[in-house]
Peer 1: 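Take this structure first; my questions come after.
Bear in mind that the values here come from a model prediction, so they are computed numbers and not experimental data. Every number for a ligand or one of its atoms is a count from 1 in the order of the listing.
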Amino acid sequence: MADSGAAAAKSGAGEPAPTPVAIAISGASGRVGRRLLALSAADSGLRVTHALVSRGSSSDGEPVGKLAPEASSLDVRATSRGLGSGPTVLVDFSTPAACVEQATAAAELGIGLVIGTTGLTDADMGVLRKLSDKVPVLVAHNFSLGVNLLCRIAGEVATALGEGFDIEVVEAHHNRKVDAPSGTALGLARAIAGALDRDVAKDLRCGREGPSCKRTPREIGMHSLRMGSVVGDHTAHFSSDFERIELTHRAQSRDVFAAGALRAAKWLARREAGWYTMDDVLFGGRASV
Ligand SMILES: NC(=O)C1=CN([C@@H]2O[C@H](COP(=O)(O)OP(=O)(O)OC[C@H]3O[C@@H](n4cnc5c(N)ncnc54)[C@H](OP(=O)(O)O)[C@@H]3O)[C@@H](O)[C@H]2O)C=CC1
Ligand SMILES: O=C(O)C1=N[C@H](C(=O)O)C[C@H](O)C1
């Protein structure tokens, strides 16, 4: 590991350094996957055992240093051959289909799951829920502290304002993002809907078009912008006829997602089988901030 010397020094004379948590990264060749490799290589509390890529990936067989130069010290090659024994936790930032496939295989081996992939269907979520009978599973639409705080605050603002405010969520992302609305925007809408006793299945309205699309009082509007290299912006708008509140989070670097997911992996490595969220990691599962 890159700073194992520093870790030994930190642990104090005579104290053995804690055993690093062994992780596999799925989606290792992706935008987030590469940052996961880079940050884990610099973390003496982690050991990367596998860097999973798709069958047919141009990265298959490459040393991980080719995917992220900061990970050149790791003696690991990207592989499409799946997991063997070794990792305690699988960290997945891939595609919905790959996520379900890799997670199912990992759970068979008793490996815990940290899932960052968005665009999962209800059926996909059902599969992951079932896997949590066997292994610890943590699914998060966003691993940043700020977004998880934003969701809580937005729920509290919605409760305090009550009815009478129009609510619209606007998200912006880079032009390579495949799913819309973002998982985070959906999570934000769910937090607001929960606070107001609304139901996203009925009250969420994605976009508006046409001659008769006047908003209804209960609807939560949702709008997705795709442009350039935006890492991830989310705003919840609350507006009456007289005043407006806008709660905004802007991610400035993908490292905020990668660092949050690695923190979650270390936390999950010590947990029993079950279903967990970032609330458990960041706020100890407390109901309010
Ligand atoms: N929860 C959060 O905080 C965040 C979630 N995300 C989500 O994470 C996901 C990935 O995002 P991003 O990194 O930008 O996307 P990318 O498209 O850059 O990366 C996804 C990677 O998955 C790989 N992949 C495809 N199939 C498989 C497979 N069977 N096994 C392993 N890897 C596979 C692909 O490449 P290859 O073919 O080379 O394997 C690709 O590199 C998205 O759903 C995104 O919305 C993104 C940011 C933050
Ligand atoms: O695809 C992305 O990039 C992101 N996806 C996540 C989402 O869908 O919410 C999180 C983040 O906003 C970046």
Peer 1: For atom 10 (C) of ligand 1, tell me which residue out of Ser94, Gly30, Ala28 has the closest non-hydrogen atom.
Peer 2: Ser94
Peer 1: May I ask you to say whether Glu108 pairs ionically with Lys134, meaning some side-chain N is under 4.0 Å from a carboxylate O?
Peer 2: yes
Peer 1: Please name all residues satisfying side chain to side chain contact (heavy atoms under 4.5 Å, CB included) with Glu209, sequence neighbours left out, ordered by chain then number.
Peer 2: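 If we apply the side chain to side chain contact (heavy atoms under 4.5 Å, CB included) test to Glu209, skipping adjacent residues, there are no hits.
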Peer 1: Any atom of ligand 1 sitting under 4.0 Å from a heavy atom of Gln102?
Peer 2: yes
Peer 1: Closest non-hydrogen protein atom to atom 4 (C) of ligand 1, residue and atom name please, with distance?
Peer 2: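 Result for atom 4 (C) of ligand 1: Phe93 CE2, 3.4 Å.
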Peer 1: In plain terms, say whether Lys214 and Glu219 are close enough for a salt bridge, that is, a side-chain N and a carboxylate O under 4.0 Å apart.
Peer 2: no
Peer 1: Please write down residue, atom name and distance for the protein heavy atom closest to atom 43 (O) of ligand 1.
Peer 2: Thr118 N, 3.0 Å
Peer 1: For the residue pair Arg271 and Leu138, establish whether any side-chain heavy-atom pair is separated by less than 4.5 Å.
Peer 2: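 With C-beta onward as the side chain, the pair stays apart.
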Peer 1: Could you tell me which atoms of ligand 2, counted from 1 in the order shown, lie closer than 4.0 angstrom to a heavy atom of His141?
Peer 2: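 That gives atoms 6 (C), 7 (C), 9 (O), 10 (C) of ligand 2.
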Peer 1: For Val53, take its heavy atoms, then give the atoms of ligand 1 lying under 4.0 Å from any of them.
Peer 2: 30 (N), 31 (C), 32 (N), 39 (O)
Peer 1: Quick check: Ser57 and ligand 1, any N/O pair under 3.5 Å apart?
Peer 2: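 Yes; at least one N/O pair falls below 3.5 Å.
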Peer 1: Answer yes or no: is there a side-chain heavy-atom contact under 4.5 Å between Val114 and Trp267?
Peer 2: no
Peer 1: Just which atoms of ligand 1 are under 4.0 Å from any heavy atom in Leu52?
Peer 2: 31 (C), 32 (N)
Peer 1: Would you confirm whether Asp124, through its side chain, and Thr121, through its main-chain N or O, come within 3.5 Å as a donor-acceptor pair?
Peer 2: yes
Peer 1: Is a side-chain donor or acceptor of Thr117 paired with a backbone partner of Ser94 at a separation under 3.5 angstrom?
Peer 2: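 Yes.
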Peer 1: List the closest protein heavy-atom neighbour of atom 15 (O) of ligand 1: residue, atom name, distance to the nearest 0.1 Å.
Peer 2: Arg31 NH2, 3.5 Å
Peer 1: Do side-chain atoms of Arg215 reach the backbone of Ile167 as a donor and acceptor pair under 3.5 angstrom?
Peer 2: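 Yes, because the side chain of Arg215 sits within donor-acceptor range (under 3.5 Å) of the backbone of Ile167.
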Peer 1: Can you tell me which residue and heavy atom of the protein come closest to atom 29 (N) of ligand 1, and the distance to 0.1 Å?
Peer 2: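 Nearest protein contact, heavy atoms only, for atom 29 (N) of ligand 1 is Ala98 CB, 3.3 Å.
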Peer 1: Side chain, backbone, both or neither: which part of Asp179 comes within less than 4.0 Å of ligand 1 when only heavy atoms are counted?
Peer 2: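 Near ligand 1, Asp179 shows its side chain, while the N, CA, C and O stay back.
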Peer 1: Mind checking whether Lys177 has a heavy atom under 4.0 Å from ligand 1?
Peer 2: yes
Peer 1: State the atoms of ligand 2, each with its element, that fall below the 4.0 Å cut-off from a heavy-atom position in His234.
Peer 2: 12 (O)
Peer 1: If we check side-chain contact (heavy atoms from CB on, under 4.5 Å) with Val170, which of these qualifies: Glu246, Met222, His237?
Peer 2: His237
Peer 1: Taking a cutoff of less than 4.0 Å between a non-hydrogen atom of the residue and any ligand atom, is Arg31 in contact with ligand 2?
Peer 2: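 Contact check Arg31 vs ligand 2: negative.
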Peer 1: Taking the side chain as every heavy atom from C-beta outward, state whether Leu46 and Val48 have any atom pair closer than 4.5 Å.
Peer 2: no
Peer 1: Within ligand 2, which atoms have a heavy atom of Asn142 less than 4.0 Å away?
Peer 2: 10 (C), 11 (C), 12 (O)
Peer 1: In terms of atom number and element, which parts of ligand 1 are under 4.0 angstrom from non-hydrogen atoms of Thr117?
Peer 2: 8 (O), 43 (O)
Peer 1: Which residue and non-hydrogen atom of the protein lie closest to atom 7 (C) of ligand 2, and at what distance in Å?
Peer 2: Gly183 N, 3.4 Å
Peer 1: Indicate, as side chain, backbone, both or neither, the part of Val231 found under 4.0 angstrom from ligand 2 when only non-hydrogen atoms are considered.
Peer 2: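 Under 4.0 Å from ligand 2, Val231 contributes backbone atoms alone.
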Peer 1: Within the 4.0 Å heavy-atom shell around Ser182, which atoms of ligand 2 are there?
Peer 2: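 So the answer, numbered in order with elements, is 7 (C), 8 (O), 9 (O).
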Peer 1: Answer yes or no: is there a side-chain heavy-atom contact under 4.5 Å between Ile25 and Val64?
Peer 2: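 Heavy-atom side-chain distance check fails, nothing below 4.5 Å.
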Peer 1: How about Phe143 and Val281: do any of their side-chain heavy atoms sit closer than 4.5 Å?
Peer 2: no
Peer 1: Can we say Glu168 and Arg205 salt-bridge, meaning some charged N sits less than 4.0 Å from an Asp/Glu carboxylate O?
Peer 2: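 No, Glu168 and Arg205 are not salt-bridged.
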Peer 1: Pull out every atom of ligand 2 sitting under 4.0 Å from any heavy atom of His173, numbered as shown with elements.
Peer 2: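 Selected atoms, number and element: 2 (C), 3 (O), 4 (C), 11 (C), 12 (O), 13 (C).
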Peer 1: If the threshold is 4.0 Å, N to carboxylate O, is there a salt bridge linking Arg226 and Glu171?
Peer 2: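 Yes, this pair counts.
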Peer 1: Starting from atom 9 (O) of ligand 2, which protein heavy atom do you reach first, and at what distance in Å?
Peer 2: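 In this structure, atom 9 (O) of ligand 2 has Thr184 OG1, 2.5 Å as its nearest protein heavy atom.
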Peer 1: Is there any N or O on Phe143 that sits under 3.5 Å from an N or O of ligand 1?
Peer 2: yes
Peer 1: Name the closest protein heavy atom to atom 5 (N) of ligand 2, giving the residue it belongs to and the distance to 0.1 Å.
Peer 2: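 Here the nearest protein heavy atom works out to Lys177 NZ, 3.1 Å.
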Peer 1: Is there a side-chain contact between Leu36 and Leu262, using heavy atoms and a 4.5 Å cut-off?
Peer 2: yes
Peer 1: Examine ligand 2 and decide if any of its atoms is less than 4.0 Å from a heavy atom belonging to Leu186.
Peer 2: no
Peer 1: Is His141 in polar range of ligand 1, meaning some N or O pair under 3.5 Å apart?
Peer 2: yes
Peer 1: Between the side chain of Asp60 and the main-chain N/O of Ser80, is any donor-acceptor distance below 3.5 Å?
Peer 2: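 It does hold such a pair.
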Peer 1: Are the side chains of Arg35 and Glu70 in contact, using a 4.5 Å heavy-atom criterion?
Peer 2: yes
Peer 1: To the nearest 0.1 Å, how far is atom 32 (N) of ligand 1 from its closest protein heavy atom, and which atom is that?
Peer 2: Gly27 N, 3.3 Å
Peer 1: Starting from atom 11 (O) of ligand 1, what is the nearest protein heavy atom, named by residue and atom, and what distance separates them?
Peer 2: Val32 CG2, 4.4 Å
Peer 1: Within the 4.5 Å heavy-atom criterion, are Leu67 and Ser59 side-chain neighbours or not?
Peer 2: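 The answer is yes; the side chains approach within 4.5 Å.
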Peer 1: Students should be able to answer this: which protein heavy-atom is nearest to atom 5 (C) of ligand 1, and at what distance?
Peer 2: Gly116 O, 3.0 Å
Peer 1: Within the structure, is a non-hydrogen atom of Ala140 found at a distance of less than 4.0 Å from ligand 1?
Peer 2: yes
Peer 1: So which heavy atom in the protein is nearest atom 26 (N) of ligand 1, and how far is it from that ligand atom?
Peer 2: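 I find the closest protein heavy atom is Ser54 CB, 3.4 Å.
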Peer 1: Please list the nearest protein heavy atom to atom 3 (O) of ligand 2 with its residue and the distance rounded to 0.1 Å.
Peer 2: His174 NE2, 2.8 Å
Peer 1: Heavy-atom distance to atom 41 (O) of ligand 1: which of Ala24, Ser29, Ser80 wins?
Peer 2: Ser29
